[in-house]
Protein chains: 2
Amino acid sequence: MEIKDVINTIIKWDCIENLRKLPDECVDLIFADPPYFMQTDWVLLRTDGSKFNWVEDEWDKFSWYNEYDNFCYQRLKECKRIMKKDASIWVIGSFQNIYRIWFIMQNLWFWILNDVIWDKPNAAPNFSWTRLQNSHETLLWCTKSEKSKYTFNYKTMKHLNGWRQEKSVWNIWICIWPERLKDENWVKVHSTQKPEALLFNVITASSKPWDIVLDPFFWTGTTWAIAKRTGRNYIWLEREDKYIKAAEERLSKIEVEHNEVNDLELEVKPPKVPMDLLIKTWYLSIWDKLCDRSWTEIGTVNEKWYVDDWEDTLSIHKMSAKHLWLTNNNWRDYFRVFKNWNLISIDSLRYKYIEENK
Amino acid sequence: MEIKDVINTIIKWDCIENLRKLPDECVDLIFADPPYFMQTDWVLLRTDGSKFNWVEDEWDKFSWYNEYDNFCYQRLKECKRIMKKDASIWVIGSFQNIYRIWFIMQNLWFWILNDVIWDKPNAAPNFSWTRLQNSHETLLWCTKSEKSKYTFNYKTMKHLNGWRQEKSVWNIWICIWPERLKDENWVKVHSTQKPEALLFNVITASSKPWDIVLDPFFWTGTTWAIAKRTGRNYIWLEREDKYIKAAEERLSKIEVEHNEVNDLELEVKPPKVPMDLLIKTWYLSIWDKLCDRSWTEIGTVNEKWYVDDWEDTLSIHKMSAKHLWLTNNNWRDYFRVFKNWNLISIDSLRYKYIEENK
DNA sequence: CATTGATATGAATCCTACG
DNA sequence: ACGTAGGATTCATATCAAT
């Protein structure tokens, strides 16, 4: 089976068997929403006597931890296999399952980047008064290995968060009508439909346009709806007809939206301005005297862009480290140059270079 | 060793050996703050060249996962032994360790009630644009077994939360000066001092006045400061002199505060006044007509304190269930009695009985 | 005295291209 | 793969000095 056969189409199949048919290292992002394993054999009543519609679907009936562990292990193992080298995976769960899941994932040598809390301001209340209202779920954001050069769109997320860096706690409303899918009898199609805002955050934070996104569990297609809208590709594994029908209808209404967020226009990396460039362009001259910020003379820049003090010739980092009594130093703002009767930091020369050479 | 020898005093000892000396089933509440097993073996400098100080203490050094797992397992096992039958335990951690901790606790057959997120609005930022800012920690609230009749002060927590149900996400500031303890050189005494607000929530939610509170790890005594102030007893295990000194000084300044929260005055349970008592004392009469809240007559109370409708004789719960088309019902407020030309709920008769027969 | 600006700091698996 | 050198970066809050 090849990627071109499965991309951007809906294919009805059983999850695990066909996951196994996908080629190695073929997807960039996985969003996995395994069943939650809630052990609710009892009927939970509201205090007014009406029945609370709990998760009671057939897929949530696992009689043993072992069975659940094995279920997740098999799928997560396949996920790891089909992930590209630098892909990342998000797994969502609650206290009933997420701790077991991360234990399984650690055994598979996934590497965790963050555990993210989905804080639900409008979560269902606790009717029994016996515990705290369970108002959050947990997402694990992991890479295939410690060495992965994963995608993280820092600036885009910062932009979406009012220009402050995005935190590990996300305040997002749970899915309600009209976003919530209902069937012809006005019954919700799926008991754990995830809100679009959550998937939007996941996809925006950790994927690029044209990346291939996969959801290995068989839900309502929120993942693919957002993947399509944000201009990502998707592989769609779906098992049950009723879900396929709802999702197809939903997807047909969605068009790709091009904008600065979806197209990652904010992710321009700042240019690096190395010492030799500053010297070549005469922002810094060989034999310029370097001082620290209190006008103490340290040394001069030589023709190899190293710094000479009275006894050593060292890289700019090693030299600042030496004078700070450290073994290494990355303090970019340590050195000053005497120019126009002022002390100017090398960093400000870099900014000047960038400003004047746009 | 007996409880009377260790209660409300500071005892210098090595943690695990002396935990083993405590008798079985002697504490009501445990707050455990194990080392987080941070694997930070590099140096991070701020942009001004200063060093970012994170946890580098010896107590967080473990050779590998199994050593850490064993460390936690030994202590949590002892915790379970010394917990009273209905005691509960809170364990705090972050993604580096909390998933391993819960795996260990599941193997010890602890029963989880909630995982609580401590959302830190003023957490340290992420300096390097590589991940989301890690702005939370996780607490696991567990009982010794599924059958525990643990303490949960629902109404008190609701009161503290603006009369809304307390959630599983707590927004609490990290501990800063002046709350943060400093030594004579103005250096923080401990790298991981927990804020008092967090401990206050834990103790208030899950313990009663005079309960015995234990913290099996050797920190700055925030747990005991709050335990003392809220009128709980404590057992204090401490290892290092510098921590003992700081904590003793801190504790000497604290006095028990009596108020409606600490004394749980809001936790008045709905009165348990059985039907027969209401009838014996003439708050309710045999043959009184029972209605629902819309004046529809349901039936009458008979001499055996059951309810007769036109066809059945059932307990008060089964009867309300029948009329609500349910298999069972615990809605205490369903039935009304026609008295003085008003409909009065049976519950309000119970309150009246309690009020007039104190 | 009020306001402003510089400085300090907190349980964080926190860089990357090149040779 | 690994070592090395060079370059880029943070948020909320509190304190304290300066204006």
Side-chain angles (χ1 to χ4, degrees), chain A residues 106 110-115 141-143 146-147 149-150 152 154-155 158 161-168 269-278 304-307 314-321 328-335 346-347 350-351 354, chain B residues 33-57 59-60 65 68 92-100 118 120-138 173-180 182 186-188 190-195 198 217 219:
Chain A
Q106 261 190 333
F110 281 96
W111 182 251
I112 190 166
L113 299 171
N114 280 115
D115 61 339
W141 179 31
C142 307
T143 57
E146 188 179 346
K147 303 291 177 197
K149 304 238 177 295
Y150 56 91
F152 176 49
Y154 175 82
K155 286 193 179 174
K158 192 170 171 174
N161 193 36
W163 215 242
R164 282 183 300 272
Q165 61 179 204
E166 184 61 281
K167 304 171 41 168
S168 60
K269 298 276 182 274
K272 292 187 177 181
V273 184
M275 288 278 281
D276 62 341
L277 186 57
L278 286 180
K304 287 181 180 165
W305 323 306
Y306 271 52
V307 180
L314 298 170
S315 74
I316 192 168
H317 293 96
K318 290 273 188 244
M319 187 58 80
S320 62
N328 205 350
N329 175 248
N330 59 1
W331 187 11
R332 290 159 43 243
D333 205 30
Y334 183 71
F335 284 112
I346 292 186
D347 250 26
R350 290 188 165 114
Y351 280 111
I354 290 170
Chain B
D33 183 11
Y36 283 13
F37 193 26
M38 298 281 187
Q39 292 159 53
T40 47
D41 54 356
W42 61 90
V43 173
L44 180 68
L45 298 182
R46 298 173 189 271
T47 48
D48 64 358
S50 67
K51 186 163 166 279
F52 186 90
N53 288 309
W54 53 48
V55 173
E56 294 179 289
D57 304 76
W59 45 254
D60 201 31
Y65 285 125
Y68 180 77
I92 186 166
S94 66
F95 74 85
Q96 294 88 344
N97 72 327
I98 198 69
Y99 298 91
R100 303 194 75 78
W118 171 23
K120 304 186 281 191
N122 55 340
N126 179 300
F127 292 110
S128 60
W129 295 17
T130 54
R131 305 175 177 209
L132 298 162
Q133 178 198 8
N134 192 17
S135 64
H136 73 277
E137 293 182 33
T138 303
W173 284 11
I174 59 173
C175 189
I176 50 176
W177 194 90
E179 185 184 321
R180 185 122 206 175
K182 306 267 188 179
W186 213 244
V187 173
K188 60 187 178 187
H190 200 282
S191 28
T192 70
Q193 187 179 341
K194 296 288 177 288
L198 185 75
F217 295 91
W219 308 136

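Just so it is clear, the structure is predicted and the values come from calculations on it, not from any experiment. In the text below, chain A, chain B and the rest are named by the order of the sequence lines, each starting its count at 1.
Looking at the side chain of B/Lys120, the nearest of the listed nucleotides C/dA11, D/dT10, D/dG7 is C/dA11. Side chain of A/Lys272, nearest nucleotide from C/dA11, C/dT16, D/dC11: C/dT16. The side chain of B/Asn122 has D/dA12 as its nearest neighbour among D/dA12, C/dA11, D/dA8. Here D/dA5 is the nucleotide among D/dA5, D/dA14, D/dC11 with the atom lying nearest to any side-chain atom of A/Ser315. Ranking C/dA11, D/dG7, C/dG10 by closeness to the B/Met38 side chain, first place goes to C/dA11. Of the candidate nucleotides D/dT10, C/dT13, C/dG10, D/dT10 has the atom lying nearest to any side-chain atom of B/Phe127. The A/Tyr154 side chain lies nearest to D/dC11 when the options are D/dG6, C/dG10, D/dC11. Checked against D/dT13, D/dG6, C/dT13, the side chain of B/Ile176 finds its nearest nucleotide in D/dT13. The side chain of B/Thr130 has C/dC15 as its nearest neighbour among C/dT13, C/dC15, C/dG10. With C/dC15, C/dG10, D/dA8 as the choices, the nucleotide that has an atom nearest any side-chain atom of B/Ala124 turns out to be C/dG10.
The same atom, P, is picked in C/dG10 and in D/dA8; the two are 28 Å apart, to the nearest Å. For the C1' atoms, the distance from C/dT16 to D/dA1 is 15 Å, rounded to whole Å. D/dT13 and C/dT13 are spaced 26 Å apart, taking the C1' atom of each and rounding to whole Å.
Between B/Phe37 and B/Tyr68, the ring-plane angle classifies as parallel under the 30° and 60° cut-offs.
Checking B/Ser94 against B/Gln96 by side-chain atom types alone, a donor-acceptor pair falls below 3.5 Å.
Aromatic stacking of B/Trp173 on D/dT13: not satisfied for centres closer than 5.5 Å together with planes under 30 degrees.
Close to D/dA12, at under 4.0 Å from its OP1 or OP2, lies a side-chain N or O of A/Arg164. Using a 4.0 Å cut-off, some side-chain N or O of B/Gln96 falls inside it from OP1 or OP2 of C/dT13. Look at A/Lys147 and you won't find any side-chain N or O under 4.0 angstrom from OP1 or OP2 of D/dA1.
Between the side chain of A/Lys149 and the base of C/dA17 there is no donor-acceptor pair of N/O atoms closer than 3.5 Å.
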(request) Before giving the answer on side chain to side chain donor-acceptor pair (under 3.5 Å), spell out for B/Asn126 and A/Tyr154 the whole-Å C-alpha distance, their side-chain angles and the decisive distance to 0.1 Å. (result) CA-CA 11 Å; B/Asn126 179 300; A/Tyr154 175 82; over 6 Å; no
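The residue among B/Tyr36 and B/Ser128 whose nearest nucleotide of DNA chain C is located toward the 5' end is B/Tyr36.
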